[in-house]
Amino acid sequence: MKNLHRPATLLLLLPLTLASCGLFDRKTPEDQSFQPQALDWKACDPTILGQDTGDVFKALGDRLVCADMKVPMNWDAPKAGTASVSLIRLKAANPSARQGAIFFNPGGPGGDGLAFAPFYGLAWGQADATTTVGANLRKLTEQYDLVGFSPRGVGASTRLYCGSNELVDPIRPPASDRSEANIANMIRSGQLAASACQKNPLTPFINTDATARDLNLARSLMGDAKLNYIGYSYGTWLGSWYAKRFPESTGRMLLDGNMPFHSTMQEAFENDPMTFERDFREVVAPYLSRLDEVFGLGTNGAAVYSRYLALGEPIRNIIGNATASELYVRDEYPVIGLLLKVAVIVDDLIQANPDATTEELQAEAAQATYFQDQDLNEAGRALGAELVAYADAVQYESPSQVVLSEDAATNTAVVCNDTAWNQDLSHWRQVDDRNAVQYPLIGGSHLTIPCLYWKGGPSVKKPEAPANLPAILMLQNEYDPATPKEGAVAALKATPNARMIMIDNEPQHAAFPYDTDCVDLPITRYFLTGELPASQLTACQARPLPFEAQVYPVGESYTTGSLSTLSLRSQAVKTAAGQKALAHNRQIIAQQSAALHGTTSGLNLDKVRQLLRK
């Protein structure tokens, strides 16, 4: 199972977070040696996204083209070697009205953004023009090129590899196992991951500054004076970095699901255990209690949460990470209810049959009654049997090599190269001990973060906000678990001329397109006309959660500034293909952020999701 707490996972997917220091202390003219190249736009290979997307590409026709851009491996020593950055471009449908290009980044760091151009292009191009938002989305595809790219280190660009032969012992559930042996395993996993990455000579040049400069080169080679941009999660950090480094080349920019980009990577991640726990306790648990007739977990949030807390290990750790992985997408919240209900019954079976074999427990789980609904019950039985087998596999997991996928390696390099972290392990032991008690969902494993063991500190210096920083637009969800409101609001206040739309009572990670007029109208209008909301903070109401007809307020009431009354849902994309395309990009945002925060689930939940969507 890939999660923050276990070495095999952490090393594969965990956001690995440290920071970086010093290659540019003063602003110098950008090197021009890579300017003479011409981007060789060609028809895209239908498998460029790592899967066969021939139907989508065919629907977009010859407007969809791909190119590889040559960039310096080291921007401060351009003759020292080159790397490649992959671009995919959906050309504006109306070239005579073209306003430029919109670049996309889905987050991570380590997220591959190639898919955002074709999938948004397909969905927005099919939007219902009888709605104002739908008409605006169509205009975006007519007046802008949509450009996705694989940041250096991942995807179809030059990839970063981090791996070694050393073995790391399995990490047991960190919230419940605070033994010296388990803590030593956490430390070793972080140390080996850091060492493996720092052995690669490409690693120092995988950082946000290099990616921002790559973007600026792409903008220039496309002949545009300004870079227009939509960034999610880590993409907000990248967008802010670009705007501060290249203010004169910054155009219209939406930052959605905001990191505290005014501060450090450490601040962005150190509160994760609290914010994920808060989302689960204050939003999702009460939501599941309102669906007690379906899930039978309790009639109030405290009762639902107590069912999770009472689970034995390793079931509780498995369900905690699976729950955290589902918090990113509001439509998946019913999955959490099904997961928890199945876990409660499976845990009871295990406790009642301590001497049973795994096969015997699987047979029991496959015959148990979970739900009154027949289809739900069949899904529960399949998941119950899988959970028994998975829990057994976790308990007997073997030591594993330190090998990071390219997205995890890029994640590690960027987060550890951008800004500096406190490397006092005694501090992090105290933090982990506290979080393990207060926030058991994912708490207790900061010591696995490779940046705590990164040698030499950051490889770049984070730019300060210049006097000519252009205005940008921010979008934020009140209960976003991965990029919490506290850091986002602090970034807003630290960014001159910025505007924010806050979605009151919204719990998922990132939002646009959100499918309400209140949110999507000002954003699409901004890209079409340049008009920003008048107030620094505009509040919009969330949509009801799945299977509910109203919004249940939680937390603060965001009425500061201009509380818009345009809160009714206005579905702009109605076609099945368009809905599927939007869901595809939404899943990329969720998966990249889940990998970054170490909350991915090893359980196969695809069939459960499909069933609950019906």
Side-chain angles (χ1 to χ4, degrees), residues 3-5 15 107 175 232-233 256-260 268-291 295 297-298 300-309 316-317 319-340 435-436 438-445 475-489 502-511 514 541-546 548 551-558 586 589-601 605:
N3 65 57
L4 180 67
H5 310 311
Y232 300 91
S233 197
D256 183 0
N258 293 272
M259 291 175 64
F269 299 112
E270 62 187 340
N271 291 322
D272 277 357
M274 182 275 287
T275 57
F276 277 87
E277 195 89 21
R278 178 174 66 185
D279 200 12
F280 179 45
R281 288 192 197 183
E282 298 185 19
V283 179
V284 177
Y287 164 70
L288 296 177
S289 75
R290 296 192 296 270
L291 300 177
F295 297 116
L297 292 168
N300 58 67
V304 173
Y305 183 76
S306 69
R307 303 300 292 269
Y308 155 74
L309 207 58
R316 190 178 80 172
N317 186 56
I319 296 303
N321 281 276
T323 294
S325 74
E326 299 302 304
L327 291 178
Y328 293 94
V329 183
R330 60 185 353 262
D331 290 345
E332 311 300 350
Y333 291 176
V335 176
I336 299 174
L338 189 145
L339 267 173
L340 184 53
N435 288 345
Q438 296 180 352
Y439 315 119
L441 195 71
I442 62 169
S445 62
L475 178 61
Q476 183 64 32
N477 296 333
E478 181 186 4
Y479 266 72
D480 190 318
T483 52
K485 58 186 175 183
E486 291 86 351
V489 171
M502 174 72 76
I503 307 182
D504 197 17
N505 301 309
E506 177 55 53
Q508 75 171 6
H509 177 50
Y514 188 67
Q541 185 54 266
R543 290 160 34 203
L545 290 173
E548 294 194 315
V551 174
Y552 291 83
V554 63
E556 299 177 63
S557 178
Y558 281 90
R586 158 56 56 190
I589 295 169
Q591 289 171 348
Q592 293 302 331
S593 189
L596 170 64
H597 291 83
T599 59
T600 50
S601 170
L605 301 175

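By convention here, the first residue in the shown sequence is residue 1. This one's a predicted model, so the numbers in the text were calculated from it and none came from an experiment.
- In plain terms, the two heavy atoms of Asp272 and Ala482 that are nearest each other are OD1-O, 4.1 Å.
- The ring pair (Phe, Tyr, Trp, His ring centres under 6.0 Å) test applied to Tyr479 returns no partner, not counting sequence neighbours.
- Formation of a donor-acceptor pair under 3.5 Å by the Glu478 side chain with backbone atoms of Glu506 is not found in this model.
- Using a distance-only test at 3.5 Å, with no hydrogens or angles considered, no donor-acceptor pair links the side chain of Arg290 to the main chain of Tyr552.
- In summary, the aromatic rings of Tyr333 and Phe280 are positioned with their centroids too far apart to meet the 6.0 Å limit.
- In this structure, Asn258 contributes its side chain and Leu475 its backbone to a donor-acceptor pair below 3.5 Å.
- Side-chain atoms of Glu277 and Tyr305 include a donor-acceptor pair closer than 3.5 Å.
- Judged by distance alone, with hydrogens and angles left aside, the side-chain atoms of Asn505 form a donor-acceptor pair with the main-chain N or O of Val554 at under 3.5 Å.
- The backbone N or O of Ala510 lies less than 3.5 Å from a partner atom in the side chain of Gln508, making a donor-acceptor pair.
- Between Ile503 and Ala511, the shortest heavy-atom distance links the atoms CD1-CB, 3.7 Å.
- In terms of modelled atom types and a separation under 3.5 Å, the side chain of Asn477 and the main chain of Asp480 share no donor-acceptor contact.
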Take Glu282 and Arg278 through the salt bridge (charged side-chain N to carboxylate O under 4.0 Å, His left out) test and state the conclusion after the steps.
-> CA-CA 6 Å; Glu282 298 185 19; Arg278 178 174 66 185; 5.5 Å; no
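- Atoms NE2 and OG1, from His509 and Thr483 in turn, are 4.5 Å apart once rounded to the nearest 0.5 Å.
- Listed for the Tyr287 side chain is a donor-acceptor partner under 3.5 Å among the backbone atoms of Pro546.
- Side-chain N or O atoms of Asn271 include none that pairs as donor or acceptor with a backbone N or O of Met274 at under 3.5 Å.
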